[in-house]
Amino acid sequence: VVTYNALIDGLCKMGEVQRACSILEEMFHKGCVPNIITYNSLIDGYCKVGNTIAARAVLQDMVAKGCQPDVLSYNILISGLCKANEIQSACDILEEMMICCTPDAVTYNTLLDGLFKGKRIKEAHILLEKMIAHCYFSDVVPYTILLGALCKADKIDDAQVLLQHMIRNGVEPDVVSYNTLINGLCKAKRSDDAFAMLKMMTDRGCLPNVITYNTMIYGLHTAQKPSESHALF
RNA sequence: ACUUUGCGUC
């Protein structure tokens, strides 16, 4: 099963759900019983190609085959629905999952991000309050989701304040947090601040990655400051 | 190294 699962997951990640399904058939023929991981990979595979209908069908199907979905199964589906902009369905699935399992930090992180990206700001804030009350803000991911939401709302200064806030609360920003801010600063044409952020991350021991540099280069060019990109080398 | 959440280009 493990070998088949690895294969199915790999195909799903490449967007080859169709081929993953033929592997599933092969498993059945060889008398190899798919487990929850097999189904979770398939749900994710359908979500990745935007086929949320099929993703939901896999969930139904696993139940029919006596395989009870777990938190991950629902998290994967909720993430897919959010990415497909089916925010309401994602909220509905949350209700549904609570019947049989307990949503975890990933569930809430996913939904928070989906609500912000889906411009459902009011609901996002309600969820945000609940997450704060339940101590979910002890992790870098929810903070980074907020940083991104602030940047996209052109509240870069608030995002900078939040960065200080998380550090004070003992949550160390990671490369994604910094990249999010650098992107926001570049889009706001604040290249000096973007360079300052790059310096700050390295000073704090966070290594820039390829996305950091792509963001800087692309940002500086669109800000009509291509000459400054030399400073990156 | 069997499955899920946050970042850039496309």
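Convention: sequence-line order gives letters A, B, ...; per-chain numbering from 1. Every value quoted in this text rests on a predicted model; they were computed, and no experiment measured them.
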Participant: Write down the distance between CD1 (A:Ile76) and P (B:rG6), rounded to a whole number of angstrom.
Facilitator: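 Atom-to-atom, A:Ile76 to B:rG6, this comes out as 12 Å.
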Participant: Give the rounded distance in Å between these two atoms: CG of A:Asn183 and P of B:rC10.
Facilitator: 12 Å
Participant: Looking at A:Asp158 and A:Lys155, is there a salt bridge between them, counting it only when a charged N and a carboxylate O are closer than 4.0 Å?
Facilitator: no
Participant: May I ask you to decide whether A:Asp174 forms a salt bridge with A:Arg204, counting only side-chain N to carboxylate O separations under 4.0 Å?
Facilitator: no
Participant: Please pick, from B:rG6, B:rC2, B:rC7, the nucleotide with the shortest atom-to-atom distance to any side-chain atom of A:Ile211.
Facilitator: B:rC7
Participant: Using a cut-off of less than 4.0 Å, is there contact between a side-chain N or O of A:Lys13 and OP1 or OP2 of B:rU4?
Facilitator: yes
Participant: Measure from the side chain of A:Ile145, starting at C-beta and using heavy atoms only, and say which of B:rU3, B:rC7, B:rG6 lies closest.
Facilitator: B:rG6
Participant: Would you indicate what A:Asp174 reaches in the nucleic acid, counting non-hydrogen atoms under 4.0 angstrom: base, sugar-phosphate, or nothing?
Facilitator: base
Participant: Take atom OH of A:Tyr39 and atom P of B:rU3, then tell me their distance rounded to the nearest Å.
Facilitator: 18 Å
Participant: What is the distance from OH of A:Tyr178 to C1' of B:rG6, rounded to the nearest Å?
Facilitator: 15 Å
Participant: With sequence neighbours left out, which residue pairs that include part of residues 178-230 of chain A fulfil the ring-ring contact (aromatic ring centres under 6.0 Å, His included) condition?
Facilitator: none
Participant: If you check the A:Tyr218 side chain, which of B:rG6, B:rU9, B:rC2 turns out closest?
Facilitator: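 The answer is B:rU9.
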Participant: Hey, does A:Thr110 reach any base, or is it just sugar-phosphate, or nothing, if we go heavy atoms under 4.0 Å?
Facilitator: sugar-phosphate
Participant: Nearest to the side chain of A:Thr180, which nucleotide is it out of B:rC2, B:rC7, B:rU4?
Facilitator: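 Among the listed nucleotides, the one closest to the side chain of A:Thr180 is B:rC7.
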Participant: Filter on ring-ring contact (aromatic ring centres under 6.0 Å, His included), then keep only pairs touching residues 119-149 of chain A, sequence neighbours left out; what's left?
Facilitator: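 Applying ring-ring contact (aromatic ring centres under 6.0 Å, His included) to every pair that reaches into residues 119-149 of chain A, excluding sequence neighbours, yields A:Tyr108-A:Tyr136, A:Phe116-A:His125, A:Phe137-A:Tyr143.
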Participant: Nearest whole Å is fine: how far is B:rC7 P from A:Asn209 CG?
Facilitator: 13 Å
Participant: What's A:Val71 touching, base or sugar-phosphate or nothing? Going by heavy atoms closer than 4.0 Å.
Facilitator: nothing
Participant: Rounded to the nearest Å, what distance is computed from the CE atom of residue A:Met197 to the C1' atom of nucleotide B:rC7?
Facilitator: 13 Å
Participant: Which of the following nucleotides, B:rG6, B:rU3, B:rU9, is nearest to the side chain of A:Ile37?
Facilitator: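 Comparing B:rG6, B:rU3, B:rU9 against the side chain of A:Ile37, the answer is B:rU3.
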Participant: Quick check for you: among B:rU9, B:rC2, B:rC7, whose closest atom lies nearest to any side-chain atom of A:Asn179?
Facilitator: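 So the nucleotide nearest the side chain must be B:rC7.
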Participant: Across the strands shown, which category fits A:Leu72 at heavy-atom distances under 4.0 angstrom: base, sugar-phosphate, nothing?
Facilitator: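 Counting heavy atoms under 4.0 Å across all strands, the contact made by A:Leu72 includes a base.
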Participant: Let's see if you can work this out: which of B:rU5, B:rU3, B:rG6 has an atom nearest to the side-chain heavy atoms of A:Val176?
Facilitator: B:rG6
Participant: What's the CG-P distance between A:Leu146 and B:rC7, to the nearest Å?
Facilitator: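 These atoms are roughly 13 Å apart.
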Participant: Whole-Å distance between B:rC2 P and A:Asp44 CG?
Facilitator: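 For the pair A:Asp44 CG and B:rC2 P, the rounded distance is 16 Å.
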Participant: So what does A:Thr3 hit on the nucleic acid, given a heavy-atom distance under 4.0 Å: a base, only sugar-phosphate, or nothing?
Facilitator: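 Result for A:Thr3 = nothing.
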Participant: Pick one: which of A:Leu111, A:Ile145, A:Asn109 meets side-chain contact (heavy atoms from CB on, under 4.5 Å) with A:Met131?
Facilitator: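 Per the side-chain contact (heavy atoms from CB on, under 4.5 Å) rule, the option paired with A:Met131 is A:Asn109, out of A:Leu111, A:Ile145, A:Asn109.
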Participant: Within a strict 4.5 Å, meaning less than it, do heavy atoms of the A:Leu77 and A:Met97 side chains meet?
Facilitator: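 A side-chain contact under 4.5 Å is absent here.
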Participant: Using only side-chain N and O atoms of A:Lys187, determine if any of them is under 4.0 Å from OP1 or OP2 of B:rC7.
Facilitator: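 The answer is no; no side-chain N or O of A:Lys187 sits under 4.0 Å from OP1 or OP2.
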Participant: Below the 4.0 Å mark, does B:rG6 have OP1 or OP2 next to a side-chain nitrogen or oxygen of A:Lys152?
Facilitator: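 Checking A:Lys152 against B:rG6: no side-chain N or O falls below 4.0 Å of OP1 or OP2.
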